[in-house]
Amino acid sequence: RRSKSFVSLNVCRQRLLSSLSSECSSWLTTTTTAKEMVGEKKAVFVDVRSPEMFAKGHIPGACNIHEIFTYFAMSDENGVKHLQETFQTSFRKAGICGNETVIVYDTAYDKQFGASCRGAYLLKLLGHPDATVLDGGWEKWSMDSSNPISTKVNLSKSSHEGTFTAKWNPFQWSDKERVKRIIKGEDTSVLLDVRDKDEWKGDISSPYGKDFVPRSGRLPNSKYINWRQFIDVKDGVSSLKSTQQISEIMEAAGIQKDERVVVWCFKGARASSALMNIQRAGYNKVANYFASWNEWSRDFSLEIDERKL
């Protein structure tokens, strides 16, 4: 007979897996569904494009939080505290309470380094239960003339203050200390670099410029998949690859669904895009080293692979 403690532990494990599976399947809101939610109290739209792009046209009622894309995080205790305080304040100003659907959008999947995915990831990281990405972004929304567009500029402030309270979700977060343990072989997780190829090869240090940070290279022993491999572009319009295609890309890189994966890039945006797509394909044990290369490369006590590939 199984002990009560064993049964209880198994029930908890199943609930956790069920919760993760539900979270993995709830990343996207279609433009059709989003259109029905415009003006509804049960939805908040967050535009992460630049204020200039926002002013030219946006979804009616949307708030502009460009800092979702521009924010540089650190993964130590003070960095985590600052991140929580910063975005709890920003999300409250946008009218977010925590009991609505939040739909985050950027220009398009391939044109803003995964900014909308970064927004949805941050909301999930801070405990929001229903944060999604607008499938196809502004590009797809604006192509349909029946979709409403506004030029009223309310930027980052809603007509009412939200009550959102950050509740840290550690399952999708990786800090510098965990990465150290992985590199030392004390943690069996797979490090997955999803940066652009010139960064992976060591030709430049960041998408902000060749020498934006002091070192170029890679986290030792990382596997590599360019984040754009999960995206299709046809006739200039981007869409996400199927979950089957994503699984095949992961398997070709030698990464199995039962492995724990820590995905990283330069500042967590492209990593958020990759994390979203990997989770969509059923990889449930995925965390984001959100501070990524921007943090790691600046600390000269940390090991890097600086070979030119």
Side-chain angles (χ1 to χ4, degrees), residues 22-70 87-165 231 236-240 269 272-273 276-277 280:
S22 174
E23 186 172 311
C24 294
S25 64
S26 60
W27 273 98
L28 303 175
T29 294
T30 66
T31 52
T32 300
T33 299
K35 182 179 179 180
E36 296 171 354
M37 300 176 81
V38 172
E40 296 286 334
K41 290 183 179 180
K42 62 182 179 181
V44 173
F45 288 86
V46 174
D47 186 319
V48 300
R49 298 174 301 156
S50 70
E52 295 76 18
M53 295 178 73
F54 180 80
K56 291 179 180 179
H58 53 266
I59 295 174
C63 286
N64 182 225
I65 312 180
H66 189 49
E67 189 177 20
I68 282 174
F69 179 61
T70 60
F87 288 103
Q88 177 175 281
T89 299
S90 294
F91 295 152
R92 285 184 176 183
K93 286 181 179 179
I96 296 172
C97 296
N99 59 354
E100 68 281 276
T101 297
V102 181
I103 303 169
V104 189
Y105 68 93
D106 57 15
T107 305
Y109 287 125
D110 65 326
K111 292 184 174 66
Q112 209 176 332
F113 294 93
S116 59
C117 306
R118 195 181 204 241
Y121 169 79
L122 280 168
L123 281 155
K124 291 175 184 290
L125 179 68
L126 298 184
H128 197 288
D130 193 10
T132 67
V133 170
L134 179 65
D135 190 21
W138 179 251
E139 184 177 69
K140 186 173 181 179
W141 180 271
S142 59
M143 287 176 64
D144 185 343
S145 60
S146 70
N147 287 333
I149 292 176
S150 172
T151 55
K152 181 181 178 182
V153 178
N154 56 342
L155 295 178
S156 61
K157 192 167 184 179
S158 171
S159 58
H160 67 279
E161 186 88 359
T163 58
F164 179 75
T165 300
I231 300 169
V237 179
S238 62
S239 61
L240 299 179
S272 295
S273 175
M276 176 188 77
N277 282 302
R280 285 178 54 242

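Predicted, not measured: the structure shown is a model, and the values here were computed from it.
The nearest pair of heavy atoms linking Ala120 to Val133 is CB-CG2, 3.7 Å. Heavy-atom minimum distance, Thr165 versus Gln88: CA-OE1, 3.4 Å. In plain terms, the two heavy atoms of Asp106 and Ala115 that are nearest each other are OD2-N, 3.3 Å. Of all heavy-atom pairs spanning Ile149 and Gly57, the tightest one is CG2-CA, 4.0 Å. The minimum heavy-atom distance linking Cys117 with Met276 is given by the pair SG-CE, 3.7 Å. For Val44 against Gly95, the heavy-atom pair with the smallest separation is CG2-O, 4.1 Å.
Of the possible donor and acceptor atoms, none in the side chain of Asp135 sits under 3.5 Å from a partner among the backbone N and O of Thr30. With hydrogens and angles ignored, the 3.5 Å screen pairs a side-chain donor or acceptor of Thr132 with a backbone N or O of Val102. Here the side chain of His58 pairs a donor or acceptor atom with the backbone of Lys152 at under 3.5 angstrom. Counting only distance, with no hydrogens or angles, the side chain of Lys42 and the backbone of Met37 share no donor-acceptor pair below 3.5 Å.
Legend: residues meeting ring pair (Phe, Tyr, Trp, His ring centres under 6.0 Å) with Phe91, ordered by chain and number and at least two apart, are Phe87, Phe164. Residues satisfying the side-chain hydrogen bond (donor to acceptor under 3.5 Å, both in side chains) criterion with Thr89, sequence neighbours excluded, are absent altogether. Taking the side-chain hydrogen bond (donor to acceptor under 3.5 Å, both in side chains) definition, one finds that Thr163 meets it with nothing, sequence neighbours left out. Residues that satisfy the side chain to side chain contact (heavy atoms under 4.5 Å, CB included) test with Ala108, not counting sequence neighbours, are Asp110, Lys111, Glu139, Ser238. For the side chain to side chain contact (heavy atoms under 4.5 Å, CB included) test, no residue two or more places apart in sequence or in another chain qualifies with Pro129. Legend: residues meeting side-chain hydrogen bond (donor to acceptor under 3.5 Å, both in side chains) with Thr31, ordered by chain and number and at least two apart, are absent. With sequence neighbours left out, Phe69 forms a ring pair (Phe, Tyr, Trp, His ring centres under 6.0 Å) with no residue at all. Remark: Asn147 engages Lys35, Trp141, Asp144 in a side chain to side chain contact (heavy atoms under 4.5 Å, CB included) (not counting sequence neighbours). Take Ser273 and apply the side-chain hydrogen bond (donor to acceptor under 3.5 Å, both in side chains) test, not counting sequence neighbours, and it matches no residue. By the ring pair (Phe, Tyr, Trp, His ring centres under 6.0 Å) test, Phe113 is found to be paired with no residue, residues two or more places apart in sequence or in another chain being considered. With sequence neighbours left out, Glu100 forms a salt bridge (Lys or Arg N to Asp or Glu O under 4.0 Å) with no residue at all.
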Could you walk me through whether Ile59 and Ile103 pass the side-chain contact (heavy atoms from CB on, under 4.5 Å) test, one step at a time?
CA-CA 11 Å; Ile59 295 174; Ile103 303 169; over 6 Å; no

Start with the C-alpha distance between Ser26 and Lys124, add both sets of side-chain angles, then the distance that settles side-chain contact (heavy atoms from CB on, under 4.5 Å), and finish with yes or no.
CA-CA 11 Å; Ser26 60; Lys124 291 175 184 290; 3.9 Å; yes

Run His128 and Asp130 through side-chain contact (heavy atoms from CB on, under 4.5 Å) and show every step you take.
CA-CA 6 Å; His128 197 288; Asp130 193 10; 4.1 Å; yes

Would you check, one step at a time, whether the test side-chain contact (heavy atoms from CB on, under 4.5 Å) holds for Val104 with Leu122?
CA-CA 11 Å; Val104 189; Leu122 280 168; over 6 Å; no

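The structure places OG of Ser272 at 6.5 Å from CH2 of Trp27, a figure rounded to the nearest 0.5 Å. With rounding to the nearest 0.5 angstrom, the CD1 atom of Ile96 is 9.5 Å from the NE2 atom of His160.
Sorted by first and then second residue, the pairs that involve residues 43-65 and meet salt bridge (charged side-chain N to carboxylate O under 4.0 Å, His left out), not counting sequence neighbours, are Asp47-Arg49.
The aromatic rings of Tyr105 and Phe45 lie perpendicular to each other, with more than 60° between the two planes, well past the 30° mark.
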